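Structure first, commentary second.
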Amino acid sequence: MTTMTGNENSVNQDRVLEAFRQECGALTDAVSGLSPAEWSLPTRCTPWSVLDLLGHVCVVIDWLPAMLDAAAPDRPEISAAEYYRPDDRFSPQTNETRITLAQGRAGRSADGAAFAEDFAATWQRVDRLCRVQPVGRTVRTRHGDAMLLSEFLLTRVVEVAVHGLDLSDALGRKPWLTSPAADAVTELLLGTDARAATEELGWSRTRFLRKATGREPLAAEEARQIEQLGLRWLALG
């Protein structure tokens, strides 16, 4: 992975945390006040309902407190893009565990309104913990990966942003994707020239992220276009 200077890592950590904060806040606003019927709507992430999918998002954010309590690895070994490599973390057995954990987390609250509050408290706690971490802090994931905290936080932005698209579709709403999160995820997929690349495609950030993460089908010519731009394909569960 590319080694960053202390100043670059400081800027990156602050920027990613801001993207995390804004995207989580937008998701909190979106699910606050949902009706019981809306919480039960199916999503494209079978077999999850809206409630279950928010449970998954809550679970993947809530790995962070224990990671920050643990000893920091000596050095980072993988980047955010490498975190999404296709290995046993996306096996059928791991996916079954992922499904069970999400449904269990969602079921801990009395109803959807209470769970929306749980979600808000969860990400706000993580935000507070991350804000006081030193630049260059490393963490070890539950899969055993040693990463910069900023790189792992970027994977959490991916989760909140991409599943936010799944939730907005399930609810029949206009996507609430925030600019900082869209920029962060697009740069992860296309590199630092992401803005020029998406302008060349003529796509909105939302449309690009839908197509790059399998939320919308790619025509053969579209696939050729984004391959030429050097898209980093992510293995997503």
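Because only heavy atoms are used, hydrogens play no part in the values below, and waters and symmetry mates are left out as well, while side chains stay in. The structure presented is a predicted model; accordingly, all values stated were derived computationally and were not measured.
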Can you find a pair of side-chain heavy atoms, one from Arg210 and one from Pro175, that are under 4.5 Å apart? yes
Would you kindly say whether Arg15 and Asn12 are connected by a side-chain donor-acceptor distance under 3.5 Å? no
Show the nearest heavy-atom pair for residues Arg44 and Leu165, with the distance to one decimal. NH1-O, 4.0 Å
Step by step, would you call Leu68 with Arg137 a side-chain contact (heavy atoms from CB on, under 4.5 Å)? CA-CA 9 Å; Leu68 293 171; Arg137 170 67 200 268; 3.8 Å; yes
What pair of heavy atoms forms the shortest contact from Phe119 to Thr28, and how long is it? CE2-OG1, 3.4 Å
Would you indicate whether the side-chain heavy atoms of Leu27 and His163 approach each other to under 4.5 Å? no
Say whether Glu23 and Thr178, considering side chains only, have a donor N or O and an acceptor N or O under 3.5 Å apart. yes
Between Glu187 (side chain only) and Ala184 (backbone N and O only), is there a donor and an acceptor less than 3.5 Å apart? no
Can a side-chain donor-acceptor contact be found between Gln225 and Trp203 if the only test is distance below 3.5 angstrom? no
Using the side-chain contact (heavy atoms from CB on, under 4.5 Å) rule, take Thr155 and Met147 through it: C-alpha gap first, then chi angles, then the decisive distance, then the call. CA-CA 11 Å; Thr155 70; Met147 304 178 68; 4.3 Å; yes
How about Leu201 and Glu222: do any of their side-chain heavy atoms sit closer than 4.5 Å? no
How about Glu18 and Gln22: does a side-chain donor come under 3.5 Å of a side-chain acceptor? yes
Is the shortest heavy-atom distance from the side chain of Ile78 to the side chain of Arg85 under 4.5 Å? yes
Over all atoms of both residues, closest heavy-atom pair of Met67 and Val139: CE-CG2, 3.6 Å
Lys/Arg-Asp/Glu bridge criterion (N-O < 4.0 Å) met for Arg140, Asp145: no
CD1-NZ distance between Ile226 and Lys211, expressed to the nearest 0.5 angstrom: 8.5 Å
How long is the gap from CD1 on Ile61 to CH2 on Trp63, to the nearest 0.5 Å? 13.0 Å
Which atoms form the tightest heavy-atom contact between Cys24 and Trp123, and what is the distance? CB-CD2, 3.4 Å
So for atom CD, which belongs to Gln93, do other residues, nucleotides or ligands contribute more than 12 heavy atoms lying within a distance under 6.0 Å? no
For Arg215, is there an ion pair with Asp169 - N to carboxylate O distance below 4.0 angstrom? no
Donor-acceptor check, side chain of Thr138 to backbone of Pro73, threshold 3.5 angstrom: yes or no? yes
For a side-chain contact (heavy atoms from CB on, under 4.5 Å) check, start with the C-alpha distance between Thr186 and Leu209, then their side-chain angles and the critical distance, and finish with the verdict. CA-CA 7 Å; Thr186 303; Leu209 292 183; 3.9 Å; yes
What I'd like to find out is whether the side chain of Arg98 reaches to under 4.5 Å of the side chain of Val59, using heavy atoms alone. no
Once you round to the nearest 0.5 Å, how far does CG of Leu218 lie from CD of Glu216? 9.0 Å
In the structure I gave you, are the side-chain heavy atoms of Leu154 and Phe20 within less than 4.5 Å of one another anywhere? no
Take Asp183 and Arg205, measure what side-chain contact (heavy atoms from CB on, under 4.5 Å) needs, and give me the verdict at the end. CA-CA 8 Å; Asp183 289 345; Arg205 292 298 179 89; 2.5 Å; yes
side-chain hydrogen bond (donor to acceptor under 3.5 Å, both in side chains) assessment of Thr122 paired with Arg105: CA-CA 12 Å; Thr122 297; Arg105 182 58 184 267; 3.0 Å; yes
Answer whether the closest heavy-atom distance between the side chains of Val50 and Leu54 falls below 4.5 Å. no
To the nearest 0.5 Å, how far apart are CG in Asp111 and CD in Glu117? 8.5 Å
Nearest heavy-atom neighbours spanning Tyr83 and Arg156: OH-NH2, 3.3 Å
CD on Glu77 to CG on Asp74, rounded to 0.5 Å: 9.0 Å
Are Arg224 and Gln228 linked by a side-chain donor-acceptor pair shorter than 3.5 Å? yes
Is the number of heavy atoms from other residues, nucleotides or ligands under 6.0 Å of Arg125 CZ greater than 12? no
Determine the minimum heavy-atom distance between Leu41 and Ala170, stating which atoms define it. CD1-O, 3.4 Å
Taking the side chain as C-beta and beyond, is there a heavy-atom pair between Leu153 and Cys130 under 4.5 Å? yes
With rounding to the nearest 0.5 angstrom, report the CH2 to CG distance, Trp39 to Leu53. 10.5 Å
Between Thr43 and Trp48 (side chain of the first, backbone of the second, donor and acceptor by atom type, cut-off under 3.5 Å), is there such a pair? yes
Examine the side chains of Asp52 and Ser49 and answer whether a donor and an acceptor come within less than 3.5 Å of each other. yes
Using a 6.0 Å cut-off, check whether atom CZ of Arg75 has over 12 heavy atoms from anything other than its own residue. no
